[in-house]
Amino acid sequence: MPDKRPADATVTNPVIPGFHPDPSVCRVGDDYYLVCSSFEYFPGIPVFHSRDLVHWTRIGNALDRPGQLRLTGSPSSGGIYAPTLRHHDGRFWLIVTNVADGEGNMLFTATDPAGPWSDPVYLPGVEGIDPDLAWDEDGTCWVTVAGISQVRIDPYTGETFGPPRKLWSGTPGALAPEAPHLYRIGDHWYLLIAEGGTERGHGVSIARGPAPYGPFEPCPANPVLTHRSSDRPVQNTGHADLVQGPDGSWWMVLLGVRPRGGTPGWHVLGRETFLAPVTWVDGWPVVGEVSPDPAAPPWPLVPGPVEAGRDDFDLGELRPYWISVRDRPEELCTTEERAGCLTLRARGDGLDEPNVVFVGRRQQHLACRVRTRIDPAEGRGGLAVRLDEEHHYEIEVSQGEVRVLGRVGPLRTVVGSRPVPAGPVVLGVRVSGTPVRDARTGPDTLTFGVEEADGTFTALGALDGRYLSTEVAGGFTGRVIGMYAASGTVHFDWFDYEPLAP
Ligand code: 6LW
């Protein structure tokens, strides 16, 4: 093993920026794997790999075929809620709730977390969200859900045994005990939960007991983590999972947000995955600072490959960071029709509709520049920054005209337009995020425009980013920047995402 790292080395939080909430992590040998919620987006449940808990590489999406992920009719922020990832009996297990009608809790397994993952084993006897999966010493399998309640299951058939048992209601007076995770550590079983709701009041609490079904005594220092009632740069900290390193150290992954602009501060990237160190005192965890630059783990960092910012659509398949709204039928979204292009065929809907034909990637940086070369050919489409059907900004081109549009709830606006010659056009958006909290501004400004033949950028319209923030729009996701077809057929030659600030 290379030399130990300098003690003062730091890393950058969030370790997985952008809309990657409700992280769940497990370790197999020296490899860590992590999954997140994905809500109305297809494919669902991004899977990440790391060798150091700091650098994470997206290795796929667990739910990447319609038989695994039915989102028809799901509202924005519906669909796939918090998953739990575990390794047991030589395979990976993923348990998750699809809140879409008729779906509920389900289990998936894989020998390789990069996939393929199995078809779902439905768990009709498990009611509730945020399911956790744990096995006790004799191999009995327990599912624990928000509330906090628990039921015994057969993980191979989905059969449940007996009625749910109430385990713990969390801290008296605290809202919404959820996100349970069970661990056997030393002589105790520990039950980690989130409470206070996923906004500014969010926090993490823990209890311990002699068995996976309790009885549980709460930690006297609960909440063991919260940033509520503070002005720390990371807010909404909660929904955590614990993992032990190969050296015996303990770490917590959790969700947090990075508000920008004046009070209350607006977060635009959704809830992101953060890392914090954990020590144990008197048999209870003490969580270290969830800061933007926490101390690095005491082992060599192993940077992974950096995700390509540019896609020329010449791989024959879409990269795993591309996500669509609810589904992605091949007849409407293909790289086979025109070589080196992504062809999108509208379903007659635009961004305001739930079945828009959209292919995007999570905005993962507070400032970035995104461009795409579009041939409107026989249709209308463009480049959009989407939060949901009612909150999106876009630059759209049809034969001969480019327009900059915005929708915020019931309000729609056109903030710029110009004629363009027929044929391909390079559209762009520059997101200028404020690097720190700035009382005078919103979180950022989104400037849309076209790139001229000589490479210069002509701005056509700028929009205030606070209206594409969760504090305004609500919901559980974050911005996704991508390409869409509003009518007919449009072709995208390339897409380029350039970070300008973390
Ligand atoms: C998640 C639950 C929550 O299932 O939000 O507010 C849900 N808390 O833990 C979606 O992230």
S.K.: When rounded to the nearest 0.5 angstrom, what distance separates OG1 in Thr198 from CG in Leu175?
M.R.: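 With rounding to 0.5 Å, OG1 (Thr198) is 12.0 Å from CG (Leu175).
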S.K.: If we ignore hydrogens and angles and just use 3.5 Å, is the side chain of Asp241 paired with the main-chain N or O of Ser24 as donor and acceptor?
M.R.: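 Such a contact is absent between Asp241 side chain and Ser24 backbone.
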S.K.: Would you find a donor on one side and an acceptor on the other, under 3.5 Å apart, between the side chain of Ser38 and the backbone of Ile80?
M.R.: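 Flag not set: sc Ser38 to bb Ile80 has no pair under 3.5 Å.
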S.K.: Might you work through the side-chain contact (heavy atoms from CB on, under 4.5 Å) test for Thr109 and Val121, ending with a clear yes or no?
M.R.: CA-CA 9 Å; Thr109 60; Val121 172; over 6 Å; no
S.K.: Looking only at non-hydrogen atoms, find the nearest pair between Ala377 and His491 and report the distance.
M.R.: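 It is CB-CD2, 3.7 Å.
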S.K.: For Thr111 and Arg91, what are the C-alpha separation, side-chain angles and deciding distance, and is it a side-chain hydrogen bond (donor to acceptor under 3.5 Å, both in side chains)?
M.R.: CA-CA 5 Å; Thr111 51; Arg91 67 175 69 183; over 6 Å; no
S.K.: I'd like to know if the side chain of Arg228 and the backbone of Gly201 have a donor-acceptor N/O pair within less than 3.5 Å.
M.R.: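 At least one qualifying donor-acceptor pair exists.
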S.K.: Would you indicate whether Glu331, at its atom CD, is surrounded by more than 12 heavy atoms from other residues, nucleotides or ligands within a distance under 6.0 Å?
M.R.: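 Yes, enclosed.
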S.K.: In terms of heavy-atom contacts, does CG of Asp352 have more than 12 from other residues, nucleotides or ligands at under 6.0 Å?
M.R.: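 For Asp352, atom CG is crowded (more than 12 foreign heavy atoms under 6.0 Å).
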S.K.: Look only at the side chain of Asn61 and the backbone of Leu63, and say whether a donor-acceptor pair between them is shorter than 3.5 Å.
M.R.: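 Such a contact is absent between Asn61 side chain and Leu63 backbone.
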S.K.: State plainly whether the residues Arg345 and Glu337 are in salt-bridge range, i.e. N to O under 4.0 Å.
M.R.: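 Answer for the salt bridge query: yes.
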S.K.: Indicate whether the side chain of Asp444 and that of Ser432 have a donor and an acceptor atom separated by less than 3.5 Å.
M.R.: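 The answer is no; no qualifying pair exists.
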S.K.: When rounded to the nearest 0.5 angstrom, what is the spacing between CD1 in Ile395 and CG in Leu427?
M.R.: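 Those atoms lie 5.0 Å apart.
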S.K.: With a 3.5 Å distance limit and no angle check, can you tell me whether Arg347 reaches the backbone of Asn355 through a side-chain donor-acceptor pair?
M.R.: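 Yes, Arg347 side chain to Asn355 backbone: donor-acceptor pair under 3.5 Å.
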S.K.: What do the steps show when you test Leu351 against Arg407 for side-chain contact (heavy atoms from CB on, under 4.5 Å), and what is the final call?
M.R.: CA-CA 9 Å; Leu351 283 154; Arg407 177 176 178 180; over 6 Å; no
S.K.: I need the minimum non-hydrogen distance between Ala114 and Ile59, along with the two atoms involved.
M.R.: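 Heavy-atom minimum between the residues: CB-O, 3.6 Å.
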S.K.: So, for Val325 and Pro354, which heavy atoms are closest and what is the spacing to 0.1 Å?
M.R.: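 In terms of heavy atoms, the two residues are closest at CG1-O, 3.4 Å.
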S.K.: With sequence neighbours left out, what residues match Arg328 under side-chain hydrogen bond (donor to acceptor under 3.5 Å, both in side chains)?
M.R.: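 Expected list: Ser324.
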S.K.: Tyr484: what forms a ring-ring contact (aromatic ring centres under 6.0 Å, His included) with it, not counting sequence neighbours?
M.R.: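 Here no residue qualifies.
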S.K.: Mind telling me whether Tyr81 and Phe39 have parallel, tilted or perpendicular rings, with 30° and 60° as the class edges?
M.R.: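 Rings of Phe39 and Tyr81: perpendicular, as their planes differ by over 60°.
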S.K.: Is a side-chain donor or acceptor of Asn236 paired with a backbone partner of His202 at a separation under 3.5 angstrom?
M.R.: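 Absent.
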S.K.: Let me confirm one number: the OG-CG distance from Ser74 to Asn98, rounded to the nearest 0.5 Å.
M.R.: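 Ser74 OG to Asn98 CG: 5.5 Å, rounded to 0.5 Å.
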S.K.: Not counting sequence neighbours, list each pair that qualifies as a ring pair (Phe, Tyr, Trp, His ring centres under 6.0 Å) and has a residue in residues 397-420.
M.R.: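 Found none.
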S.K.: Above 12 or not: heavy atoms from other molecules or residues under 6.0 Å from CD of Glu103?
M.R.: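 Enclosed.
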S.K.: Kindly compute the distance separating SG (Cys26) from CG (Asp31), expressed to the nearest 0.5 Å.
M.R.: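 Taking SG in Cys26 and CG in Asp31, the distance rounds to 10.0 Å.
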S.K.: Does anything in residues 492-502 pair up under side-chain hydrogen bond (donor to acceptor under 3.5 Å, both in side chains), and if so which pairs, sequence neighbours excluded?
M.R.: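 As it turns out, the side-chain hydrogen bond (donor to acceptor under 3.5 Å, both in side chains) pairs with a partner in residues 492-502, which skip direct neighbours, are His365-Tyr497, Arg369-Glu498, Arg373-Asp493.
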S.K.: Stepwise, does the side-chain contact (heavy atoms from CB on, under 4.5 Å) test hold for Arg232 with Thr237?
M.R.: CA-CA 10 Å; Arg232 293 184 186 171; Thr237 50; over 6 Å; no
S.K.: Within the side chain of Glu195, is there an N or O that forms a donor-acceptor pair under 3.5 Å with the backbone of Gly203?
M.R.: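 Side chain of Glu195 to backbone of Gly203: no pair is present.
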S.K.: Given 3.5 Å as the limit, does a donor-acceptor pair link the side chain of Gln68 with the main chain of Trp117, or not?
M.R.: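 Yes; judged by distance alone, with no hydrogens or angles, the pair exists.
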S.K.: For a side-chain contact (heavy atoms from CB on, under 4.5 Å) check, start with the C-alpha distance between Val99 and Ile129, then their side-chain angles and the critical distance, and finish with the verdict.
M.R.: CA-CA 8 Å; Val99 300; Ile129 61 171; 4.3 Å; yes
S.K.: Using the rule side chain to side chain contact (heavy atoms under 4.5 Å, CB included), only one of Pro233, Pro17, Pro292 pairs with Arg258; which is it?
M.R.: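 Going through Pro233, Pro17, Pro292 one by one, the side chain to side chain contact (heavy atoms under 4.5 Å, CB included) with Arg258 is satisfied by Pro17 alone.
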S.K.: To the nearest 0.5 Å, what is the distance between OG on Ser417 and CG on Leu460?
M.R.: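 Answer rounded to 0.5 Å: 7.5 Å.
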S.K.: So, Arg418 and Glu452, do they make that salt bridge, N to O below 4.0 Å?
M.R.: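 Here Arg418 pairs with Glu452 in a salt bridge, since their nearest N and O are under 4.0 Å apart.
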S.K.: Does the side chain of Val234 come within less than 4.5 Å of Asn13's, by heavy atoms?
M.R.: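 No; the side chains remain at least 4.5 Å from each other.
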S.K.: Give a yes or no on whether the ring-centroid distance for Trp251 and Tyr32 is below 6.0 angstrom.
M.R.: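 That pair fails the under 6.0 Å test.
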S.K.: Could you go through the side-chain hydrogen bond (donor to acceptor under 3.5 Å, both in side chains) check for Thr343 and Glu336 one step at a time?
M.R.: CA-CA 8 Å; Thr343 298; Glu336 303 300 318; over 6 Å; no
S.K.: So, the side chain of Glu396 versus the backbone of Gly381: is there a donor-acceptor pair under 3.5 Å, distance only?
M.R.: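 No; judged by distance alone, with no hydrogens or angles, the pair does not exist.
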S.K.: Are the charged groups of Glu389 and Arg326 less than 4.0 angstrom apart, N to O?
M.R.: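 So Glu389 pairs with Arg326 through a salt bridge.
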S.K.: Does a salt bridge link Arg361 with Asp311, judged by any charged N lying under 4.0 Å from a carboxylate O?
M.R.: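 Salt bridge: no.
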S.K.: After noting the C-alpha distance and the side-chain angles of Asp22 and Ser37, does the key distance pass the side-chain hydrogen bond (donor to acceptor under 3.5 Å, both in side chains) rule?
M.R.: CA-CA 6 Å; Asp22 309 326; Ser37 300; 2.5 Å; yes
S.K.: Find the distance between CG (Leu34) and CD1 (Ile16) and round it off to the nearest 0.5 Å.
M.R.: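 Output value for this atom pair is 4.5 Å.
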S.K.: Taking the side chain as everything from C-beta on, heavy atoms only, tell me whether Phe495 gets closer than 4.5 Å to Leu383.
M.R.: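 A side-chain contact under 4.5 Å exists here.
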S.K.: Enumerate, atom names and distances included, each donor-acceptor pair closer than 3.5 Å involving a side-chain atom of residues 466-475, sequence neighbours excluded.
M.R.:
{"from": "Arg466", "atom 1": "NE", "to": "Asp464", "atom 2": "OD1", "distance (Å)": "3.2"}
{"from": "Arg466", "atom 1": "NE", "to": "Asp464", "atom 2": "OD2", "distance (Å)": "2.8"}
{"from": "Arg466", "atom 1": "NH2", "to": "Asp464", "atom 2": "OD2", "distance (Å)": "3.1"}
{"from": "Ser469", "atom 1": "OG", "to": "Arg466", "atom 2": "O", "distance (Å)": "2.6"}
{"from": "Ser469", "atom 1": "OG", "to": "Val472", "atom 2": "N", "distance (Å)": "3.3"}
{"from": "Thr470", "atom 1": "OG1", "to": "His267", "atom 2": "NE2", "distance (Å)": "3.4"}
{"from": "Glu471", "atom 1": "OE1", "to": "His267", "atom 2": "N", "distance (Å)": "2.7"}
{"from": "Glu471", "atom 1": "OE1", "to": "His267", "atom 2": "ND1", "distance (Å)": "3.3"}
{"from": "Glu471", "atom 1": "OE2", "to": "Arg200", "atom 2": "NH1", "distance (Å)": "3.3"}
{"from": "Glu471", "atom 1": "OE2", "to": "Arg200", "atom 2": "NH2", "distance (Å)": "3.1"}
{"from": "Glu471", "atom 1": "OE2", "to": "His267", "atom 2": "ND1", "distance (Å)": "2.6"}

S.K.: Which residues pass the ring-ring contact (aromatic ring centres under 6.0 Å, His included) test with Phe92, not counting sequence neighbours?
M.R.: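 Partners of Phe92 under the ring-ring contact (aromatic ring centres under 6.0 Å, His included) test: Tyr33, His87.
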S.K.: Looking at every non-hydrogen atom in both residues, tell me the closest pair between Pro297 and Val11 and how far apart they are.
M.R.: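 Result for this residue pair: CD-CG1, 4.4 Å.
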S.K.: Is it true that Gln235 and Ser230 share a donor-acceptor pair across their side chains at a distance under 3.5 Å?
M.R.: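 On atom types as modelled, these side chains qualify, holding a pair under 3.5 Å.
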S.K.: Could you check whether any side-chain heavy atom of Ser118 comes within less than 4.5 Å of a side-chain heavy atom of Phe108, counting everything from C-beta outward?
M.R.: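 Answer yes - side chains close enough.
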S.K.: Would you say Thr84's side chain and Leu133's backbone share a donor-acceptor pair under 3.5 angstrom?
M.R.: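 Checked: no pair found.
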